[in-house]
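Working notes for the structure below.
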Protein chains: 2
Amino acid sequence: MTTLKDLSQQLGLSVTQVSRALNGHADVSESTRERVKALAAELHYQPNVSARRLVSGKSGIVGLVLPHLPLPPEDGQFIRIVGGLSAHFSRLRMQFVLHIAEESEDILDVYRRLIQSGAIDGFVIIEPQVNDPRVAFLRDRDVPFVLHGRDCATPDYPFFDIDNHAVARTLTRVLTRAGHRRIAFINGLDGRAYVAAREAGFRAAAAAEGLQSDALMHFTGEMVESHGLLATVEAFRDSACAPTALIAGNTRIAKGIFLALAALGLRVPQDVSLVAHDDILHDALSHVFDPPLTVTQSALDLSWEPLAHCLAGAVEGRSLSSLQRIGACRLIQRASVAPPPEAA
Amino acid sequence: MTTLKDLSQQLGLSVTQVSRALNGHADVSESTRERVKALAAELHYQPNVSARRLVSGKSGIVGLVLPHLPLPPEDGQFIRIVGGLSAHFSRLRMQFVLHIAEESEDILDVYRRLIQSGAIDGFVIIEPQVNDPRVAFLRDRDVPFVLHGRDCATPDYPFFDIDNHAVARTLTRVLTRAGHRRIAFINGLDGRAYVAAREAGFRAAAAAEGLQSDALMHFTGEMVESHGLLATVEAFRDSACAPTALIAGNTRIAKGIFLALAALGLRVPQDVSLVAHDDILHDALSHVFDPPLTVTQSALDLSWEPLAHCLAGAVEGRSLSSLQRIGACRLIQRASVAPPPEAA
DNA sequence: ATGCTTGCCCGAAACGTTTCGGATTGGCAA
DNA sequence: TTGCCAATCCGAAACGTTTCGGGCAAGCAT
């Protein structure tokens with residue numbers, strides 16, 4: 001292991017100056033900086049992390065706390081989350097650790113313990129609830145964190161999110177513009193912030209397009225096939241006021257909807273139109289449906305990089321404005337939408 | 001953050017003595033040690049990891065390198081692996097980091113890079129192949145590592161494993177003792193060390209029980225339902241020499257076998273007996289099969305603790321004998337085994 | 001000449017811990 | 001008394017880095 005001292009001796013410089021040269025400080029002459037960098041590269045100099053952390057007072061470690069071991073089918077997604085965050089933090093020369101709470105533990109106790117041990121610089125929070133207690137807890141203690149998602153339109157903490165209100169508005173408008181007047185939204189788990197945002201967007205767009213609120217149906221539940229299936233069956237139980245179009249919270253729900261519609265003898269898009277939001281989940285790709293789905297699309301896997309950067313920035317104490325990002329989202333029109341049958 | 005200095009000042013002792021008291025050194029009087037520990041507890045003293053690591057020269061970080069993002073259905077298992085290792089290393093005050101290689105990278109290059117950066121004390125290696133190149137690579141460079149599994153009966157590196165040879169012998173004997181003379185073993189992926197060990201155990205037990213080797217069938221493939229299904233179909237293609245009993249490498253394979261047998265109109269255990277090895281995978285529990293399966297059982301989830309301890313020991317340079325462990329395994333006899341139909 | 005920048009550099013301290021070598025007791029045997 | 005040993009303690013150095021407060025020269029204006 002080459003150290004700053006090794007470099008400084010070989011170069012006839014002080015340790016101070018070598019350090020400053022490598023770290024891009026101003027008062028180092030260009031020629032010296034060149035020499036230093038060249039030798040550093042030649043000797044494969046790598047700054048000692050422990051020493052650097054000792055003086056900075058930071059541990060260089062950030063964490064993700066899960067309330068329990070994820071169960072199928074979400075577990076497949078979690079490994080992508082963990083892998084993605086891990087990779088991006090490692091690129092930022094930080095360590096990312098996963099902490100899974102015991103069944104019996106209160107999740108806030110886990111945070112308390114980790115903070116107290118002083119070994120963690122900050123946290124990533126995923127799957128935020130509306131008024132998430134974790135946010136309040138960490139904010140109270142001035143512990144840096146970043147949210148995947150957010151509470152409200154303009155929060156006072158770092159986050160990465162997509163515009164869920166807009167997502168729902170877009171999907172709703174695609175259907176109303178095709179002539180649909182009775183729409184059911186099969187959404188995610190009640191209490192999740194993004195679920196609430198999408199419901200609001202759905203109702204706002206419907207109102208703006210002149211739909212009565214009693215022409216709207218809204219179902220919440222876990223984002224799995226069976227929820228899509230059951231909610232669909234329920235939506236079509238009373239054929240008098242059955243919807244002519246459906247919105248799925250994600251493509252996994254859409255899968256369940258397809259199953260239910262097939263069982264009910266309804267065809268997509270002739271009898272029922274269907275749109276969904278598409279996170280590009282590997283086990284439910286929107287383009288392999290038959291017919292391929294019209295979706296708003298934003299890759300969940302692109303979240304980890306901005307999340308890592310925002311948390312790193314928060315730990316360094318950068319200003320909030322640079323730590324709040326909103327991911328892109330695009331509408332992909334495919335063959336799952338048609339005018340409602342009455343209008344044909 | 002309380003430091004050693006804080007403690008020493010309040011106690012009227014030197015920093016040295018406080019450190020020695022806390023770390024259990026000999027030349028500290030019992031009364032002093034008591035006082036020190038009491039105050040340390042009261043002030044929630046936590047030794048600063050970075051400082052400790054700086055003097056020890058260790059980073060306190062160990063890693064797991066995966067060649068690529070795990071795909072279903074194994075991804076569900078991976079989150080348990082990562083979570084389990086993570087938890088146990090954190091208990092040992094070490095950090096565990098996951099590193100997922102890019103598609104294009106050679107896996108050994110990833111190890112090379114991580115070692116060179118000097119930030120990693122050791123590695124966990126899972127799913128070892130026979131003559132695994134990672135083992136050779138790390139051993140050559142004197143980098144500590146621990147294997148989940150092993151190459152041969154008594155390797156010269158730290159490992160945790162179960163006795164796969166014995167597992168296969170036990171399962172085979174259960175069947176031969178019930179009178180079966182034609183047995184098919186639907187095993188895991190060719191090249192895996194444990195798959196080879198089990199095949200050897202299978203053949204050894206069969207030979208010891210006086211079975212001809214042409215009465216044995218052996219299939220390899222990924223440990224998923226479809227492999228169990230296809231291999232079963234193949235095993236029963238020629239009814240003249242069809243097996244009367246099957247051994248499944250794990251319960252996921254057993255699921256596929258059940259599907260195939262049902263399709264072939266064969267009942268368990270009246271027409272075909274079935275035994276399996278049971279890792280207690282959450283998506284395929286041996287006792288909920290119909291009939292419940294006779295299995296050799298050893299919980300995969302109990303591997304993470306010994307793996308973490310062995311690697312920690314290896315990093316500290318402890319002697320090999322304490323770093324090699326073999327997990328327990330028990331036979332659970334249930335209703336999936338009966339005498340072969342000819343014998344009835 | 002004097003004072004003031006500006007550019008480049010350095011020594012020393014600091015971060016919190018472990019450890020090496022030695023110091024100070026008191027007790028006990030010679 | 002002297003010497004020795006064990007028990008208990010301490011100062012100082014070390015780990016590798018960043019950073020604070022300066023120093024020294026050259027250039028410039030006064």
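All values reported here derive from a predicted model rather than from experimental measurement. In what follows, chains carry the letters A, B, and so on, assigned in the order in which the sequence lines appear, proteins first and then strands, with residues in each chain numbered from 1.
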Minimum side-chain heavy-atom gap A:R91-A:E305 below 4.5 Å: no
Would you mind reading off the distance between B:H25 atom NE2 and D:dA7 atom P, rounded to a whole angstrom? 17 Å
Please check the phosphate of D:dC10 (OP1 and OP2 only) for any side-chain N or O of B:Q17 closer than 4.0 Å. no
Taking atom CZ of A:R93 as the centre, does the number of heavy atoms from other residues, nucleotides or ligands within less than 6.0 Å exceed 12? no
Whole angstrom is fine here: how far is it from CE in A:M1 over to C1' in D:dG16? 12 Å
Which comes earlier along DNA chain C counting from the 5' end, the contact point of B:S50 or that of B:D27, where each point is its nearest nucleotide? B:S50
Is the phosphate of C:dA12, meaning OP1 or OP2, less than 4.0 Å from a side-chain N or O of A:T16? no
Could you say whether B:A51 or B:S14 is positioned toward the 5' end of DNA chain D, judged by the nucleotide with the nearest heavy atom to each? B:S14
Would you say A:R52 places a side-chain N or O within less than 4.0 Å of OP1 or OP2 belonging to D:dT18? yes
Separation of atom CD in B:E30 from atom P in D:dA6, rounded to whole Å: 19 Å
In this structure, are over 12 heavy atoms from other groups packed under 6.0 Å from B:N131 atom CG? no
Whole angstroms only, please: what is the CG-P distance between B:L4 and D:dA14? 20 Å
Any donor-acceptor pair under 3.5 Å between the side chain of B:S19 and the base of C:dT19? no
Atom CG of B:D6 and atom P of C:dG16: how far apart are they, to the nearest Å? 8 Å
Has the side chain of A:T3 got a donor or acceptor atom sitting under 3.5 Å from an opposite partner on the base of D:dG16? no
Closest to the 5' end of DNA chain C, once B:R20 and B:L54 are matched to their nearest nucleotides, is B:L54
Under 3.5 Å, is there a donor on one side chain and an acceptor on the other for B:D151 and B:Y157? yes
Report yes if a side-chain nitrogen or oxygen of B:S56 is closer than 4.0 Å to either non-bridging phosphate oxygen (OP1 or OP2) of C:dT18; otherwise report no. no
Would you say a side-chain N or O of A:N48 is under 4.0 Å from OP1 or OP2 of D:dC15? no
Atom CZ of B:R93 and atom C1' of C:dT17: how far apart are they, to the nearest Å? 14 Å
According to a strict under-4.0 Å criterion, is A:S29 in side-chain N/O contact with OP1 or OP2 of C:dC9? yes
Rounded distance in Å - CD (A:Q9) to C1' (D:dG16): 13 Å
Other residues, nucleotides, ligands: >12 heavy atoms within 6.0 Å of A:D109 CG: yes
Without decimals, in angstroms, what is the distance between B:K58 NZ and D:dG16 P? 14 Å
